[in-house]
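Numbers here are sequence positions counted from 1. Counting starts at 1 for both ligands and their atoms, in listed order.
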Amino acid sequence: MTQNLITSVFRDEVLNLSAYKVADSNSLIKLDAMENPYTWPDDIKEQWLKTIKDCPINRYPDPEAKQLAQTIKETDKIPEQCEILLGNGSDEIIQLLLMALPVDATVLAPAPGFVMYRQVAMSLGLAYHGIPLQTDSFDLDLPLMLDAIKKNQPSVIFLAYPNNPTGNLFNRQDIEKILNIAPGLVIIDEAYAPFADASFISRLPEHTNLLVMRTVSKLGLAGLRLGFIAGNKTIIKQLNKIRLPYNINSLTQITANFALKNQTLFRKQTQKICNDRTTILNQLNELPDITAYPSSANFILFKTKKNQATAIFESLKNHGILIKNLSPQGGVLCDCLRVTIGKPDENKAFINSITTIITENLNQL
Ligand SMILES: *Cc1c(COP(=O)(O)O)cnc(C)c1O
């Protein structure tokens, strides 16, 4: 009865989809979601509380979030001739970008890549192509990419820079070539810009089809849900038509505006995370049968001995540590795990536990 109702009401692509699952992290050391582990010092919290005290939450928010948009244009050095659009996280921007495409459009991205590109494309019934990266370097396979672009004529190409879950920055010249031959839009997703020291924002004026997307989530404001996309004014204008009018709530507008003006605080935190990333990379690579890959983001991808990833992941959970098991995704991610850089004591707990698991329990695995 209900089954008939459901199948008659919903599109097949929705029926065939699985919901995006977030692991339950209660009482675990949380190193699975690329969050910044640091909070704010008390004096900053006090200042922040003052700014939200008189927030008129009885009123709708500013539909254009003018003040916040102005702050972002300054802090992220958006070229003057460009415009930005804000989203409830960059996830929402991915969704509204793809919602604007024709029903027979194609979306293309390297594989492995950020799962939401595929998830959103599928939910809208769009064609999606994941183009394999090179096996060892995780760099773009340029001939394969160019071929796929020529053949499939994608309306949108997503390139995460650095890439999630591999952590590397793709070759810049390769990206420039893709920008030059792409028949549609190329979205450079710079979610990990705070840890990367590399960006395409300055290239925006050179490429009309280039859009750069960023988020405050990995910077240290994941709870606010705020992302933005920057690019050509006439393109942003189209996207703005399908954006819901009040998608950025008042508290997010005020808080993000306040926080982004405190760049020195974030810079200290992200610098610390980058330093600790080097330590963890080296420590992981000293373990037997572990290959950890260099990262320009706030996480590290590493490969275990064949068929051990899930057992190591579960053992870590028993030790009270939650990381991300990518092995079920298969392909080049077979036997791969991903750990987010946490606070020093959390990192130490992770390294101690995985060392114990690998060196002492190797036989039982
Ligand atoms: C985390 C992540 C996002 C999502 O960011 P939100 O703003 O939190 O929705 C987008 N792209 C990549 C590559 C990410 O890793």
Side-chain angles (χ1 to χ4, degrees), residues 19-23 30-37 65 68 72 76 84-99 107-121 123 128 130 133 138 140 156-170 175 185-196 198-201 211-230 239 243-244 247-249 252-253 255-256 259-260 266 270 273 277 293 295-301 323-324 326 329 333 336 338-341:
Y20 184 83
K21 278 223 176 60
V22 177
K30 198 171 180 319
L31 302 175
D32 66 324
M34 282 79 97
E35 292 144 326
N36 174 341
L68 173 58
I72 288 174
D76 288 65
I84 63 172
L85 174 133
L86 307 189
N88 193 307
S90 35
D91 287 348
E92 192 198 28
I93 297 174
I94 297 166
Q95 189 181 51
L96 66 86
L97 190 68
L98 298 191
M99 271 167 44
V107 178
L108 189 148
F114 183 46
V115 292
M116 290 311 287
Y117 308 148
R118 185 176 185 280
Q119 180 86 2
V120 174
S123 75
Y128 182 87
L133 294 170
F138 298 125
L140 294 169
V156 167
I157 299 170
F158 287 106
L159 298 171
Y161 185 82
N163 189 40
N164 173 11
T166 55
N168 58 312
L169 290 162
F170 299 138
I175 295 180
L185 302 176
V186 178
I187 318 302
I188 309 271
D189 181 349
E190 298 188 349
Y192 299 97
F195 313 96
S199 172
F200 272 80
I201 281 186
L211 294 165
V212 176
M213 186 167 69
R214 285 187 171 182
T215 173
V216 300
S217 296
K218 316 295 156 67
L219 178 67
L221 300 167
L224 291 185
R225 305 308 296 132
L226 177 71
F228 70 90
I229 191 160
L239 296 178
R243 178 180 66 82
L244 295 175
N247 63 332
I248 313 298
N249 74 71
T252 293
Q253 289 190 30
T255 304
L260 291 175
F266 286 119
T270 52
I273 291 167
R277 175 179 72 197
Y293 300 97
S295 167
S296 298
N298 63 341
F299 60 84
I300 292 174
L301 179 79
I323 64 169
K324 177 82 178 176
L326 296 167
Q329 292 186 31
L333 293 178
C336 281
R338 185 189 67 198
V339 63
T340 302
I341 311 302

Original post:
Does L98 reach the side chain of F158, with side-chain heavy atoms less than 4.5 Å apart?
Top reply: yes

Original post:
Is there a side-chain contact between S295 and R277 (heavy atoms, below 4.5 Å)?
Top reply: yes

Throw together a table of side-chain donor-acceptor distances under 3.5 angstrom for residues 85-94, partners on residues two or more places apart or in other chains.
residue	atom	partner	partner atom	Å
N88	ND2	N247	O	3.4
E92	OE1	N88	N	2.6
E92	OE1	N247	ND2	3.1

At less than 3.5 Å, what protein N or O atoms come close to the N or O atoms of ligand 1? Include the distances to 0.1 Å.
residue	atom	partner	partner atom	Å
ligand 1	5 (O)	S90	OG	3.0
ligand 1	7 (O)	S90	N	2.7
ligand 1	7 (O)	S90	OG	2.9
ligand 1	7 (O)	T215	OG1	2.5
ligand 1	7 (O)	S217	OG	3.3
ligand 1	8 (O)	S217	OG	2.6
ligand 1	8 (O)	R225	NH1	2.7
ligand 1	9 (O)	S90	N	3.2
ligand 1	9 (O)	D91	N	3.0
ligand 1	9 (O)	D91	OD1	3.3
ligand 1	9 (O)	D91	OD2	3.3
ligand 1	9 (O)	R225	NH2	2.9
ligand 1	11 (N)	D189	OD1	3.4
ligand 1	11 (N)	D189	OD2	2.5
ligand 1	15 (O)	N164	ND2	2.9
ligand 1	15 (O)	Y192	OH	2.6
ligand 1	15 (O)	K218	NZ	3.0

**OP:** Not counting sequence neighbours, list each pair that qualifies as a salt bridge (Lys or Arg N to Asp or Glu O under 4.0 Å) and has a residue in residues 213-223.
**Re:**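 Applying salt bridge (Lys or Arg N to Asp or Glu O under 4.0 Å) to every pair that reaches into residues 213-223, excluding sequence neighbours, yields D76-R214, E190-R214.
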
Original post:
Who are the side-chain contact (heavy atoms from CB on, under 4.5 Å) partners of D32, not counting sequence neighbours?
Top reply: A23, K30, L322

Original post:
Which word best sums up how the rings of Y293 and F138 line up, parallel for under 30°, tilted for 30 to 60°, or perpendicular for over 60°?
Top reply: perpendicular

